[in-house]
Amino acid sequence: MEITAKYNPVEIEDRLYAYWLENGFFDSDPDERKPYTVVIPPPNVTGVLHMGHMLNNTIQDVLVRRARMLGKNACWVPGTDHASIATEAKVVAKLREQGINKDRLTRSEFMNHAWEWTEKHGGIILEQLKKLGASCDWRRTRFTMDEKLSDAVIDTFIYFYNKGLIYRGVRMVNWDPVGKTAVSDEEVIHKDINSKLYYLSYPIVGENASITIATTRPETIMADVAVCINPNDERYTQMKGKKVLIPLINKEIPVIFDEYVSMDFGTGCLKVTPAHDINDYTLGIKHNLPVIDIIDSDGRLNEKAQILIGEDRFDARKKIAEMLDDAGLLVKIEDYKSSIGFSERTDAIIEPKLSMQWFLKMEDIAKPALNYVLNGDIKLIPDKFKNTYKHWMENVHDWCISRQLWWGQRIPAWYLADGSFVVAKTLDEAFTLAQQKNSNIKIEELYQDEDVVDTWFSSWLWPVSVFDPAVCGHPEAKGNADVNYYYPTNDLITAPDILFFWVARMIIAGHEFRGKAPFSNVYLTGMVRDRLGRKMSKSLGNSPDPLELIAQYGADGVRVGMLLCSSAGNDILYDNSQVEQGRNFCNKIWNAFRLVKSWNAEQIPQPNHAAKAIEWFNARFNKILKGIYDNFDKYRISEALMDAYKLFWDDFCAYYLEIIKPAYGSPVDKLTYTATLNFFENLLKILHPFMPFITEEIWLILNDNSENKTIMRTLQPELCDFNEQTVDTFEQVKDIIINVRALRQNKNISPKENLDLFVKGDFDLSFAGILMKLANLSKIEKTENVIENASSFLAGTNEYYIPLGNKIDISEELEKLEKELEYTKGFLKVVNNKLNNEKFVAGAPANVVASERKKQADAESKIKILEENIARLQASKV
RNA sequence: GGGAGCAUAGCUCAGCUGGUUCAGAGCACCUGCCUUACAAGCAGGGGGUCCUUGGUUCGAAUCCAUGUGCUCCCACCA
């Protein structure tokens with residue numbers, strides 16, 4: 001195989017992924033090892049991969065691959081969600097394109113279309129995840145509408161119904177007129193919208209006068225049942241007992257009084273429309289008012305409106321304003337900013353609507369779920385979400401679980417002719433129950449509820465149902481081997497916007513059915529935004545196509561790019577330059593590999609500098625490795641990656657390899673070669689979770705004859721003790737190297753030209769000489785003649801001199817030294833101030849004082865040396 | 001209206017239980033280099049009023065308070 005100077009991921013990635021699948025490296029079955037389990041947040045079955053998925057799944061894959069290499073039995077369960085309202089909306093739209101109207105179809109005809117659509121488009125997203133390198137156990141792929149998972153949903157419904165927690169009732173719900181279904185409170189997004197406040201005149205019955213009310217919704221006046229005034233409002237005391245007429249339809253309605261109305265808003269008069277406003281509904285109940293519903297399920301006025309029948313609510317608003325104006329009853333229109341609810345799925349403006357729905361009582365079942373988070377059994381990362389979670393769980397509302405859709409699990413309630421119902425899994429069971437109510441009933445008379453349950457009522461079972469759906473709804477069930485082994489899972493990686501929709505409810509269900517929290521940690525990713533901080537959206541066209549990115553930069557490059565800038569909970573501002581950085585890093589790794597691969601190892605003596613470099617890098621490696629482990633423990637994934645990035649690029653390539661690299665064409669000794677390969681493999685292992693493809697490719701080439709057929713089944717390098725002194729010392733070496741290189745650049749000395757370096761002090765840097773291109777490295781006891789024309793610098797307590805001959809510029813040298821002297825004096829002054837401060841010496845901890853004293857001593861000796869050197873230079877200047 | 005969070009280099013962010021003249025990383029930028037692994041590179045370099053104002057302290061980017069600006073969540077007075 002040809003090994004090119006540019007890393008070319010395309011062919012490698014497809015080949016390796018196929019190889020991994022063939023060998024079942026991702027597969028997991030229960031065994032004696034500790035499990036590490038992650039369930040994927042199931043994407044919409046008909047969805048397409050976007051940047052948010054890329055980030056989310058990259059993080060999951062990093063954690064899973066790392067756990068696998070820590071010797072755990074790692075299991076990542078993939079799957080998709082049927083996403084009832086989103087998918088149904090797509091199918092309806094698709095049918096409409098084909099000229100088919102959903103209303104003309106029977107339920108089963110529609111379901112056939114929906115399944116057809118699902119089979120055609122479903123799972124595309126999972127195929128896309130493979131391009132990213134996701135190491136899921138694909139044999140375990142689940143879909144929330146799989147037969148068994150659907151059964152689990154029904155069992156769960158029946159379970160809560162029998163427990164008395166599910167009830168049916170008429171409530172004001174959030175109605176989505178486009179999806180033609182109720183949606184839950186959590187599915188409503190409030191946005192501030194510029195609208196109008198209309199001031200309308202309502203004539204007072206029997207008087208030649210009127211009162212003015214303010215409303216944002218003039219189209220609902222026909223549903224008014226009263227006008228309400230605050231009893232303390234002195235402006236309207238004369239209105240007691242009077243009636244007013246609804247404009248245009250001239251219907252009489254009473255004037256009522258309630259302190260609910262605020263006197264300082266609008267005119268202080270509120271029109272009461274119980275059918276179309278949640279507050280008015282409450283008010284209506286309190287005052288025993290009727291409910292007149294004038295808006296149909298598709299958002300059009302119905303015949304109860306008497307006028308404008310069949311008009312859309314917003315068209316009706318415009319028309320009615322004109323009609324009122326014509327009638328002289330429109331007093332004025334003001335601009336007004338109000339908060340309007342939008343459907344999360346269809347973006348339609350939500351219509352508050354009274355309807356019969358199914359609800360789940362949340363208060364009691366939410367309590368244990370709250371405790372898991374409060375007492376730390378479940379950690380939210382970052383923990384700032386704990387407060388939000390607490391607030392929500394303590395103020396939880398009953399969950400409207402019915403949806404007026406077909407795509408989903410149908411509610412297992414069966415109605416009798418008299419309107420009463422029974423809840424049962426099958427028609428036969430329902431019939432048995434129904435007979436207990438009415439012994440004469442015939443099975444044909446039973447009919448099933450038309451609605452389905454909310455999608456989240458199925459996905460809240462996910463961490464359990466993917467392993468053993470049979471236990472959902474049966475908390476006493478023993479469970480199969482899988483659920484007992486893999487549940488509870490370990491980490492859940494998801495976005496904060498579904499903390500309540502999904503995460504909180506999974507905790508509830510997990511506790512209810514398995515008696516344990518479903519996961520230990522919830523890592524909440526940020527949202528992926530563009531460079532300007534805008535959300536990525538189709539309409540803005542600012543979202544790159546993930547597959548194109550992968551094709552262009554390689555999956556490893558894209559993964560690194562996304563990870564580098566994504567701390568938990570913070571939004572990430574995506575920019576192509578990050579992905580370029582990832583790609584460049586791949587190339588760096590590739591070229592380091594090319595270098596090492598090109599060497600011939602021979603039985604020759606190991607040079608001293610190589611032995612010392614190995615000693616140093618070994619220490620350095622273990623120090624950084626410890627940091628990486630720590631960062632993983634704290635879920636600081638991007639920092640762990642950055643540690644590994646710098647370890648590889650700066651320490652391994654820029655220093656280690658450069659020191660031990662033999663001259664072109666020369667062989668390398670076997671000891672050094674082996675050590676280097678060992679380092680390289682350990683680095684690959686650290687990098688593998690982040691960059692699975694390139695690390696595997698190189699590892700396979702380096703381990704041609706190994707029994708291990710994949711890097712992912714090897715173990716992460718173990719944490720070893722290291723000599724801190726060795727690491728620190730090399731930091732000084734680096735300092736010296738940088739000084740020498742800077743001098744070369746300053747003096748225009750070619751990197752090829754050898755230099756002499758004189759050291760006063762006891763510092764051994766012979767092994768780094770190669771990085772400075774030194775001809776001679778000499779120790780001196782005192783400042784001798786030989787350094788007459790030398791440029792000098794200090795590193796630690798040692799002095800360094802580089803003779804420059806006629807290239808020396810004395811005044812420049814002086815300037816440099818004087819600048820350093822000034823700085824050091826300032827430094828000393830600060831230190832002295834501290835040490836002369838009795839309160840500091842008395843109050844600060846002993847080690848801090850001691851370190852200040854050391855600084856003082858060092859600075860003093862440094863000043864002495866600098867002054868000597870300045871004097872020397874001044875003397876030679878004359 | 002209620003709650004939470006954030007503000008540090010041009011950008012994205014570290015900076016943990018106050019303690020080095022503490023101000024740091026990556027990217028970007030500037031300068032010089034096509035040096036037999038790598039120009040997707042190498043070497044060197046510049047760059048910040050740690051949002052404001054107070055307070056606590058021997059000592060504050062760090063703790064407290066105020067103000068300002070931004071973000072998110074919850075609630076919805078028509």
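Order of the sequence lines fixes the chain letters, A, B, ..., with proteins taken first and strands second; residue numbering starts at 1 for each chain. Being a predicted model, the structure only gives us computed values, none of them experimental.
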Within the 3.5 Å criterion, strictly below it, is a donor on Asn194(A) or Asp335(A) matched to an acceptor on the partner's side chain? no
Students often get this wrong, so: under 4.0 angstrom with heavy atoms, is Leu573(A) touching a base, only sugar-phosphate, or nothing? sugar-phosphate
Taking only Lys NZ, Arg NE, NH1 and NH2, and the carboxylate oxygens of Asp or Glu, determine whether Arg620(A) and Glu731(A) approach each other closer than 4.0 Å. yes
Which stems does RNA chain B form, counting runs of 3 or more consecutive Watson-Crick or G-U wobble pairs with both distances under 3.5 Å? B:1-7 with B:68-74, B:10-13 with B:24-27, B:29-33 with B:41-45, B:53-55 with B:63-65
Indicate whether any N or O donor in one side chain lies under 3.5 Å from an N or O acceptor in the other, for Lys332(A) and Thr212(A). no
I'd like the C1' distance from C58(B) over to A14(B), given in whole Å. 28 Å
Rounded distance in Å between the C1' positions of A7(B) and U66(B): 16 Å
Is the gap between the ring centers of Phe265(A) and Tyr336(A) under 6.0 Å? yes
Hey, does the Lys NZ or Arg CZ of Lys271(A) hover above the aromatic six-ring of Tyr202(A), less than 6.0 Å from the centre and inside 45° of the axis? no
How would you label the contact of Lys854(A) with the nucleic acid (heavy atoms, under 4.0 Å): base, sugar-phosphate, or nothing? nothing
Contacting residues from residues 643-652 of chain A, given that a heavy atom lies under 4.0 angstrom of RNA chain B: Tyr645(A), Lys646(A), Trp649(A)
Can you tell me how far P in C42(B) sits from the matching atom in C50(B), rounded to whole Å? 33 Å
P atoms of C13(B) and G18(B), separation to the nearest Å: 25 Å
State whether Glu822(A) and Lys819(A) are salt-bridged, where the test is any N-O pair (Lys NZ or Arg NE/NH1/NH2 against Asp/Glu carboxylate O) under 4.0 Å. no
Students often get this wrong, so: under 4.0 angstrom with heavy atoms, is Ile738(A) touching a base, only sugar-phosphate, or nothing? sugar-phosphate
Indicate, with a heavy-atom threshold strictly under 4.0 Å, whether Gln856(A) touches base, sugar-phosphate, or nothing. nothing
Heavy atoms only, 4.0 Å cut-off, all strands: where does Val261(A) land among base, sugar-phosphate and nothing? base
Expressed as a whole number of Å, how far does the P atom of U57(B) sit from that of G48(B)? 33 Å
Result for 5'-nearest mapping on RNA chain B, choosing between His397(A) and Gln745(A), is Gln745(A)
Arg313(A) bridged to Glu219(A) by N-O distance under 4.0 Å: no
Any carboxylate oxygen within less than 4.0 angstrom of a Lys/Arg side-chain nitrogen, looking at Lys862(A) and Glu820(A)? yes
In terms of side-chain geometry, is the basic nitrogen of Lys646(A) or Asp651(A) positioned less than 4.0 Å from the acidic oxygen of its partner? no
5' priority, RNA chain B, between Arg529(A) and Ile737(A) [closest heavy atom]: Ile737(A)
Interface limits on RNA chain B, where chain A has a heavy atom under 4.0 Å of a nucleotide atom: A4(B) to A78(B)
Could you tell me whether Tyr336(A) contacts a base, only the sugar-phosphate backbone, or nothing, with contacts defined as non-hydrogen atoms closer than 4.0 Å? sugar-phosphate
Determine, using ring centers only, whether Tyr389(A) and Trp392(A) are less than 6.0 Å apart. no
Give a yes or no on whether the ring-centroid distance for Phe680(A) and Phe652(A) is below 6.0 angstrom. yes
